[in-house]
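Residue numbers begin at 1 in each chain, while the letters A, B, ... track the order of the sequences.
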Amino acid sequence: MDQLLQHALNALILGGTYALLGIGLTLIFGIMRVVNFTHGELYAFGAYMMYMWVMLIGANFVVSIALAMALGVLLGAGIEILLLRRLRGADIDTTMLVMIGAWIAMQNTEQLVWTGVAKSIDSPFPPAPLVMGGVSVSWTRLFVFVVAVALIAATWLLIQKTRLGKAMRATFQDRESAALMGVRIDRVHTATFAIGSGLAAAAGALLGPVFVVYPTIGDLASLKAFAIVILGGLGSIPGATIGGFILAFMEELGAGYVSSGYRDAMGFLLIIVILLVKPTGLFARKERIG
Amino acid sequence: MLVVEGLVCRYGKVEAVRDLSMRVARGELVTLIGANGAGKTTSLKAISGLLTPAAGKITFDGEDITRASARRVLELGIAHCPEGRRVFPFMTVRENLEMGCFLRRDAAAIADDMDRLFARFPILAERRDQTAGTLSGGEQQMLAISRALMSRPKLVLFDEPSLGLAPNLVERTFEIIEGIRRDGVTVVMVEQNAFAALELSDRSYVLEQGRVTLTGTGRELLENPHVRAAYLGA
Amino acid sequence: MSRAVTLAWVAFLFTLPLWMTDLYILHVLIVAGIFIIAAMSLNLLLGYTGQLSLGHVAFFGIGAYVSSLVSLGFEIHVFDVPISLAPKPVWFSMILAVIFAGLCGYMIGKISFKVRGAYFVIVSVSFAEVTRLVALNWIELTQGPMALNNIPFLKLWLPGIGDIDVLGKVPNYYLVLVVAVVTYVIIRRLVNSRAGRAMIALRENEPLATSVGIDVTRFLVLATVVSASLAGLAGAVYAHYVRIVDPDVFLFIYTVTMVIMVVTGGKGTLAGPIVGGLIFGLLPEVVRSFEVKPEIQWVVYGVLMILVVYFLPEGIVPALRDAWRRVRARSGAPPADPAAVAAGATPAEARP
Amino acid sequence: QETIKIGVTQPLTGAFAASGNYVAQGARIAEDEINAAGGVLGKKIQLVIEDSKSNPTEAVATVEKLIVRDKVPAIMGAWSSTLTLAVMPKLQEYKVPMVVETSSSGKITTSGNPYIFRISPTSEMEAVAFKPLVPKLAIKKADFLNTNNDFGIGSAAEYSKMLKAQGVAIGVMETMDPKATDFSAQLTRIKASGGDTLFVTTAVEQLTLILKQAKELQLNTRIVSTGGSNSPDQLITQAGEAANGSFHTVFFPPWFPEVVTNPEPAKRYMDEWKKRGHEPGGLTEGFRGYDGIHVIVEAIKIAGKAEPAAIKDALWKTKIKGIYGNIEFVKQGPAGSESGQNAPSIYLVKIDGGKVVKSGL
Amino acid sequence: MSIRFGGLTAVEDMTFEVREGEVLSLIGPNGAGKTSAFNAITGYITPSSGTITYRGTPLAGLKSDRIAGHGVVRTFQKTSVFNGLPVLDNVLIGLHRRARQHPLAIMLGLPGVRRDEARLRDLAWEILDLVALRPRANEVAAALSYGELRLLEVAIALAAEPTLLLLDEPVSGMNPAETGAFMSLIARIRASGITILLVEHDMKMVMGVSDRVVCLNQGKIIADGPPAAIQQDPQVIRAYLGERYVRARG
Ligand SMILES: Nc1ncnc2c1ncn2[C@@H]1O[C@H](COP(=O)(O)OP(=O)(O)OP(=O)(O)O)[C@@H](O)[C@H]1O
Ligand SMILES: Nc1ncnc2c1ncn2[C@@H]1O[C@H](COP(=O)(O)OP(=O)(O)OP(=O)(O)O)[C@@H](O)[C@H]1O
Ligand SMILES: [Mg+2]
Ligand SMILES: [Mg+2]
């Protein structure tokens, strides 16, 4: 029983960051229709920035997270302006290739700057975990979970309730019409990509201290983020949130009770099954033909 | 009020509009007619800031808007109801209308305007929470017109507003456009339905291959033998 | 004309080992050739049906694993029931690999009927990941990360020549060349037929395609089966050449490499994957000769990719073709397309 | 001036990047030391170091390149057991000898490949060396967590065999992907199993995470890491408090160099390492590369020429005083095609209060 | 037949029959359910209830491509062609159903395939002649003018060998002169023995070409009869035509 509870708790905590990762991607992938292969790199970037601020410069832990996220936003804006702006209106494969190129270049730059040796980041929280009955959770992970949930809520409010959010949705449904409504298209694109990137960097900054940081951590993060987005349905923030938790639970329980080796396979199998049953993901919208 | 002089627009090497000039006075209803591909849509896009002209000059109320952004043009009071409806397919009818007044901040007046539009188009009121992409063609067209009006424009550019509408709605649409004009809004309209358009309009321009080839009052053009042969099918 | 050029190329490639004695260059060409075969097969899906498959490496890997396992033999336990297979000859294992990869393609084809676009992208990525994780964790069968090692090489009997051991560079070079030519011919025939047009129609406008009676599932499945079988064949050739396979053959980066080859070369063109494959197959070797850190090589690779997309968005082959047309037009030669002349095409200005 | 090339294949990137780089750095120290002393056979030596990217297929490609393109007469490699096993057929195909500096799997020297000369200990040697400690540590029930590759699987198999023979109960045997970073599921199961000692076999990166995560989950068993690629110094800096109380087998204890068989080369190596500013945590890995290159060069000297066949024969006669101890090869594997195996010293250390101490046992 | 989307009933208990060889027009206000009816007949949506029978074969529940296989072919309200391909290829794709090529035969390169290809090309040219697009055969579809695009759409549909052709607002966006030309095309198609079901808001066209007109309102049929009678029907005038139309007609 304790074992099951412990697994569930692990999954819940992990799910928070998965959701964060998924939301960042769903903004870009679901709304802008850019298959963003740099998402994982922004995650890695966030983690390395965290390493830099906390371990090399010695900044405060929480401040470092904010800084890492802010830098992620800037980097995202940079990528959008430099690489994607001139591809406005290009098809999904074209932007995807550019993003793959950027991914390869970024990952190897990271490797060059930080070397392949894994880095670890100290957390200011006590190493002794919080114990509740038979289960325990480390303070660091708890903190990560709380911040992740807060960021998710903030993003949701941004999209649904603010003018920027509405402009974002309008722009990606019909760019020209949105321009006619007075929306500044370029800014909306940049903002969307920057926010999505910021969330990825935040996820990296939060998980960096939990795990270790090395140049290819982004790859699996990317794959999982895609999985989460698809589980939830493209462009749906509640979908990505729930998708993140579902994936975490599947993985944790699969690893705990089936075989730890197939941990990562669980999520992907789940995707295949879900898409076979409900091809549009759990939360989807439809377009009419004819 | 709106003056276009020597407008030239290019798509790559294709010259879609070559040397187009026209002027629209306040309160007028002006139509552009012409065959498919004559450059009507392109001209409207140039005016509303969706395209940057290769040459020429566009002024509105004395301000040069040749290179102004779509946002600036809208701020000055020009709304554009685009060809092919172009509603936001995944937003509800209401959200689409809200987008129409994206630059406005007077919530109460917006609510009033929206009620008035719903009264004009009861079917939209009925569908207000349906996503626009699932509306029928005609419903989408009504939505697009309404959306353009939500910004309380001084001048509206209509690009084929009657496209795909049932005869009674075509009629209603033209009535609405007349109504808009009566409310003091200037209208520039592109139409294939040349009969109705010419009947309605104060003045009209005929476009052929990116140039104005004929101009006159609606009546004059209705009687012009060339226009009758080429555009009225008579 | 283009046929003559193609034949000249093939003839050139056939004579290459006669004067090229640097084994390392042959090695690079063999590996590039195997990737080109895989890229050509991917092009059928990506370029012609428009299904953005990012899991293509799964078929390649399945081909490699199936052929290796069948030729090595194995013994596994499924619910404690032992299942074993004695080693089989390599030609037989390669055929099985093609069939098995084709079956997997059939499955994926059925799925892709249900999900399209971005969803299909993810399903295909997931499929490849699942196969990789199975290869990684079903240690009893696949040896997991320890890799299948000591894979036997292909022995062939050819009329007039007798027994050949396909071992070492030169025989493998010819094997790859023959397989590549066969792949090219099959794909060319397909795309210039009713089947190919049906695939293109699906890519361009699916509702319209079905409205004229094209059975979407059937042609998607056909495309994936053919594509998967050819990729499986490439994988089998690869396995018996390098004689070791590990779960990393399923890595996403290899799919990416294939996609890059197809897209930079020109997707939906026959020569595209070949041109792209030659460039991106040889590029790493070229960059490597500059004695810089491998990371820098990869950064250069990534940046080059971005530049190619910016400057040749349609791919190299279509760009060359357009340039060629322009040159001919300027020199006053008749239009390159004979059909246009036959139809008496009017210049655009003269149209009513 | 002509040089004698020696091939090195190491994982410089990927999952084993840290260790592979340390070994390469150790090899460079040996290279410079030898060249400063005039080289061998009147020529300088030149290392050609290729990156296997921690992947067996890439490892084969590096060996192929080293032999075909660079024409090296001998190779040192390939760090992990899996990588070594992968490249072995190529050695046989091209008849080039390889000195194995790290790998521990028994299969390497028992599969009948006469081109293999291993200076590192096998898992079996390690397990045998550990045997007297079982009663001293009072191990009653042991659990295992290892990477699912030759290194991890081989070690877990040898240790569990030895422990069973000692009457120790075996709890769960969990595996992990060499690239995994989250072990909460495995550790939760290990916790539920209730053993008193957990044997972990993996590279230092994962070990760090396991120590941290075990702490988070309140797993209070004794953790013993095997295989010698555990870099206790790095564990102390990266896992901090979580590393306290853990035991580690190492094959070179730089914290107390006085105990090693040949303090002389050990000191030379350590000084140079420090001088070059390499990571102190890498000392326990770098020495393997240092020894490996010295062994090959000594064999070249004995052979009198830099040719593969001659070097292979000479390796059987090679005896040097290395950091691994007195290195010499004994025959192992099927008669007629034996591989060479060295019998190095093995040490068990403990981390206590943020310091490495002798295990005191 | 009825069609429901969630709670909304788009088509309610609609019954009508298209007779062999006639031109039947379906009219009705926007949102009346005309396109939905088309979608149901051609298998793009499944009707919630009711049956659709074509020459004795039930169509409801069949997939679109099978329905096309029975000779029921449609065009779309939003212009829909294969944009990136040459005009000739557009028609060749349309000819899909008439090709006789087995995939294996294709891959083996059997001579029958080559002969079949030649035959298809000839057919394609014939169809282009019918819609007068021969001079544009090698242009990519995207380069055509709007009117030409609508002709190409019809050409693609004709290539699929329809016995019943469904046209969804084929002349919307055309000016009266272009509409006139399109009407004569319909006459030609009809002369070749193809039955036509037409949805159109252009009354001149509807009245000019139809044998019979069915008028829908809010998913229900409110009138059915020859064009002349429909124009006089007060319900149709109220729901659809509007007063001005009647005034204009005098
Ligand atoms: N995005 C574009 N790229 C290239 N050419 C274009 C583009 N849009 C329009 N054109 C070309 O510019 C010319 C004028 O087009 P425009 O849309 O302005 O015509 P129009 O008068 O509005 O016709 P219609 O009645 O069909 O709406 C046409 O020849 C058209 O092919
Ligand atoms: N996928 C859908 N989801 C919800 N409602 C739909 C959907 N498709 C159509 N509808 C609704 O069904 C009704 C009928 O639509 P339909 O497109 O058949 O009308 P129509 O007669 O073709 O109109 P028009 O002449 O304007 O094209 C409309 O009210 C539309 O909003
Ligand atoms: Mg237009
Ligand atoms: Mg309709």
Just so I know, are the side chains of A:L97 and C:V259 near enough to count as touching, which here means a heavy-atom distance under 4.5 Å? yes
Beyond-backbone contact of C:W298 with A:T109, side-chain heavy atoms, under 4.5 angstrom: no
Between A:M96 and chain C, with a heavy-atom cut-off of 4.5 Å, which part of the residue counts as in contact: side chain, backbone, both or neither? side chain
Which region of A:L83, side chain (C-beta onward) or backbone (N, CA, C, O), has a non-hydrogen atom less than 4.5 Å from a non-hydrogen atom of chain C, or is it both or neither? both
For chain C, which candidate among A:T94, A:D219, A:I100 shows the most heavy-atom pairs at distances under 4.5 Å? A:I100
What distance separates A:F226 CZ from C:E129 CD, expressed to the nearest 0.5 Å? 12.5 Å
Here the gap from C:I296 atom CD1 to A:Q111 atom CD, rounded to the nearest 0.5 Å, amounts to 11.5 Å
Does atom CZ of A:F245 have more than 12 heavy-atom neighbours from other groups under 6.0 Å away? yes
C:F74, CZ: over 12 other non-hydrogen atoms inside 6.0 angstrom: yes
Ignoring hydrogens, what is the shortest heavy-atom contact between C:V299 and A:A105? Give both atom names and the distance. CG2-O, 3.6 Å
Can you name the closest pair of heavy atoms from A:L82 and C:Y310 and give their distance? O-OH, 3.7 Å
At a heavy-atom separation under 4.5 Å, does C:V300 approach chain A through its side chain, its backbone, both, or neither? neither
Using non-hydrogen atoms only, which part of C:L54 is less than 4.5 Å away from chain A: side chain, backbone, both, or neither? side chain
